[in-house]
Protein chains: 2
Amino acid sequence: MEDFAAVSGISRPTLSKYFNNPDSVRRSTRERIERALSIYDYRPNIYAVNQNRRRTKNIGIVVPNLADPFFSEISRVVELACIAAGYSPLLLSSHGNPAQEGQNLEALRSIKPAGVLLAPFGRLSERAEIERFGRDFPVVLFDANIESACEAFVGTNNAQSIDLMVEYLCRSGEPPCFFEMKSPTNPNANKRRNAYLESMDRHGFPPHIYQAKGDGWDFEVIGSSEGGRLIADGAFKTNTVLCSNDRLAIGMLSAAYKLGRKVGHGADCTLRIAGHDDHPFSRFTCPSLTTIAQDYAAIANLAATTLFKTLETDARPSERVETLFEGTLVMRDSA
Amino acid sequence: MEDFAAVSGISRPTLSKYFNNPDSVRRSTRERIERALSIYDYRPNIYAVNQNRRRTKNIGIVVPNLADPFFSEISRVVELACIAAGYSPLLLSSHGNPAQEGQNLEALRSIKPAGVLLAPFGRLSERAEIERFGRDFPVVLFDANIESACEAFVGTNNAQSIDLMVEYLCRSGEPPCFFEMKSPTNPNANKRRNAYLESMDRHGFPPHIYQAKGDGWDFEVIGSSEGGRLIADGAFKTNTVLCSNDRLAIGMLSAAYKLGRKVGHGADCTLRIAGHDDHPFSRFTCPSLTTIAQDYAAIANLAATTLFKTLETDARPSERVETLFEGTLVMRDSA
DNA sequence: ATAAGATTTTTACACGCGTAAAATATTTTC
DNA sequence: GAAAATATTTTACGCGTGTAAAAATCTTAT
């Protein structure tokens with residue numbers, strides 16, 4: 001920078017000001033700098049910069065599993081929002097492994113992030129660690145909520161979205177059974193089950209919950225094996241199944257196909273299957289999957305802007321804010 | 001570090017040595033340090049560290065599109081390999097946008113990576129930029145090759161894998177037509193087309209290539225709309241279609257289902273569809289997709305270790321090495 | 001043209017750590 | 001137990017930038 005100052009005829013402190021905020025120098029100066037920049041292609045050493053800055057411009061993004069299209073999509077939006085706001089996002093996936101989540105947060109500490117956008121697993125075991133991390137850095141949670149931790153939460157209103165789906169299914173045919181994993185990795189699963197119970201109660205139908213054994217992130221495998229078994233056994237009390245998420249539904253649809261069961265809302269169909277999340281592949285299942293679309297973009301952008309606001313005002317907000325977006329019904333062929 | 005040196009009773013230079021390589025200090029000293037570390041939880045400032053190190057321990061990983069399960073899976077393996085080798089991976093997705101690839105490389109420059117693992121789009125337009133980047137940093141390419149650039153390439157042998165599939169399809173039924181995008185985003189697509197042509201020639205069958213219009217990364221959409229149109233029109237000269245990749249096949253399968261065409265190798269089937277890549281969802285299509293499995297893990301690990309070797313010897317290899325892994329046939333129900 | 005205000009330059013120190021060289025302490029070897 | 005080999009400490013400098021304070025320069029309004 002010393003050298004660049006020499007050849008560009010600008011003093012080093014002014015250059016420093018320019019690189020921190022191009023608008024903080026006089027217009028004519030900025031133009032001179034940019035002219036010189038186009039010739040000498042100098043760029044500040046980011047390590048020296050971050051060493052001296054009080055806060056870095058880095059933002060950590062941590063998601064449970066990038067292999068899940070839901071997270072790869074939502075983190076894409078988050079990432080672009082960070083870049084647009086002038087921050088440097090650092091995307092970390094926990095690869096479906098809750099222990100990795102802690103390691104990721106630990107790794108983030110060493111880059112001294114300005115803030116963190118975290119979609120937590122939401123298990124009890126990691127709660128304390130996240131709370132601690134949230135005290136040390138500004139953190140906005142998304143997708144999965146941990147009531148006791150961090151500045152804010154942005155997600156989908158599962159009560160509303162499940163109720164919407166139950167309502168639709170009840171109006172258009174038999175009331176739904178509910179299919180989920182026995183030990184879900186995500187608090188949303190519990191919210192959805194409760195929402196189903198409440199909604200069925202409100203509609204005056206008895207609930208029927210079916211829980212699949214198995215853990216991990218191979219939801220399709222579990223949906224296919226366990227769901228297929230339930231179908232084959234004729235276990236479902238009604239001809240309609242609401243799956244806790246699309247990936248389970250995708251597995252179950254493939255099992256139904258293998259069993260020769262015709263799924264859909266047509267007259268010749270004997271089974272209806274619905275999901276939740278509007279997974280990218282739900283348009284291409286056979287039949288295409290009726291589901292609930294979460295507003296990915298809205299969730300991602302609000303989470304990001306909420307964090308940015310915290311960073312700019314530099315004051316931790318006095319009270320925790322939770323924002324829930326509504327899901328929308330996507331009527332396709334499976335239910 | 002000064003303070004930590006004081007309270008731990010170890011000199012700062014020794015601590016510095018320890019943090020760069022815990023084994024470079026005497027055993028007893030290391031234990032004293034680690035005991036103190038467990039009490040005071042000090043950690044080196046990574047920015048000060050990287051400012052002074054000749055080379056950082058950062059490794060950039062750039063993939064065209066994390067939303068594509070192929071890349072999310074392979075980059076997961078690559079990422080873990082980097083961590084296991086003591087490096088700090090930085091995962092960047094170009095979000096399906098070739099221009100973003102250049103921006104990602106540009107962003108990587110400022111973190112002065114020790115090396116980069118790059119799965120390029122492979123378009124002509126970015127060639128020069130990648131070559132230039134490859135001269136400034138050690139880069140190992142994977143998935144898509146650019147003959148003229150970087151240290152090494154690791155990928156799948158498309159000629160072998162396509163031949164394997166063509167061989168199987170010819171043995172088990174009518175010889176395949178080939179379905180692909182007209183203007184593919186990836187050089188592998190061209191390799192596969194040529195492999196198909198050669199293989200059909202070798203088997204003594206006339207080739208039939210069908211190219212879908214459309215660009216971008218919505219392969220399923222294109223496979224569904226264009227592939228569906230071809231099916232409806234009875235355009236395919238044989239009853240067997242080999243798709244250039246699984247995502248096209250997934251789209252085409254959904255179109256076939258909508259058209260009421262029974263796909264598979266059974267007696268009652270009128271159409272066979274095969275893919276390439278063993279996409280995570282190919283097990284759950286209806287019917288499940290016969291395809292070629294790439295050895296994700298082998299490709300990812302070899303790419304990573306090849307880069308590490310370059311970094312450790314500190315010498316750019318004299319000649320470029322290309323390694324191709326063989327694909328394996330995954331026989332499922334669709335063909 | 002001139003004074004007030006805004007911007008830039010000069011000067012200087014700080015950040016936290018890598019690293020080199022010489023002195024000292026510790027361990028190993030015979 | 002002494003000498004040799006090894007490890008640690010001391011001392012000092014450098015990395016590339018942020019930032020503060022005072023001086024110098026430029027811009028704007030009168």
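Worth saying up front: this structure is predicted, and the values here are computed from it rather than measured. First the proteins, then the strands, lettered A, B, ... as listed; each starts at 1.
Atoms CZ (Arg43(B)) and P (dG16(C)) sit 15 Å apart, rounded to a whole Å. Atom CG in Asn45(B) sits roughly 13 Å away from atom C1' in dG18(C) (whole-Å rounding). We find that OH of Tyr18(A) is positioned 17 Å from P of dT7(C), with the value rounded to whole Å.
Contact between the side-chain N/O atoms of Tyr47(B) and the OP1/OP2 oxygens of dG18(C) is not found at any separation under 4.0 Å. Put simply, Asn52(B) has no side-chain N or O that comes within less than 4.0 Å of OP1 or OP2 on dG14(D). Proximity of Ser11(A) to the phosphate of dT10(C): no side-chain N or O atom is located under 4.0 Å from OP1 or OP2. At the phosphate of dG18(C), OP1 or OP2 sits under 4.0 Å from a side-chain N or O atom of Ser16(B).
Of the listed nucleotides (dC17(C), dA20(D), dG16(D)), dA20(D) has the atom at the smallest distance from the side chain of Pro13(A). Side-chain proximity of Val49(A) to dT8(C), dG18(D), dT19(C): nearest is dG18(D). Listed nucleotides dT27(D), dT9(C), dT8(D) differ in distance to Ile10(A); the shortest reach to its side chain belongs to dT9(C).
Between the side chain of Arg12(A) and the base of dG16(D) there is no donor-acceptor pair of N/O atoms closer than 3.5 Å.
Leu108(B) approaches Gly60(B) most closely through the heavy-atom pair CD2-CA, 3.9 Å.
Nearer the 5' end of DNA chain C, as judged by each residue's closest nucleotide, is the contact made by Lys17(A), out of Lys17(A) and Gln51(A). Comparing Ser24(B) and Ala48(A) by the nucleotide of DNA chain D that holds the closest heavy atom to each, the one mapping nearer the 5' end is Ser24(B).
Here the rule is ring-ring contact (aromatic ring centres under 6.0 Å, His included) with Tyr296(A), and of Phe71(A), Phe142(A), Phe70(A) only Phe70(A) fits it.
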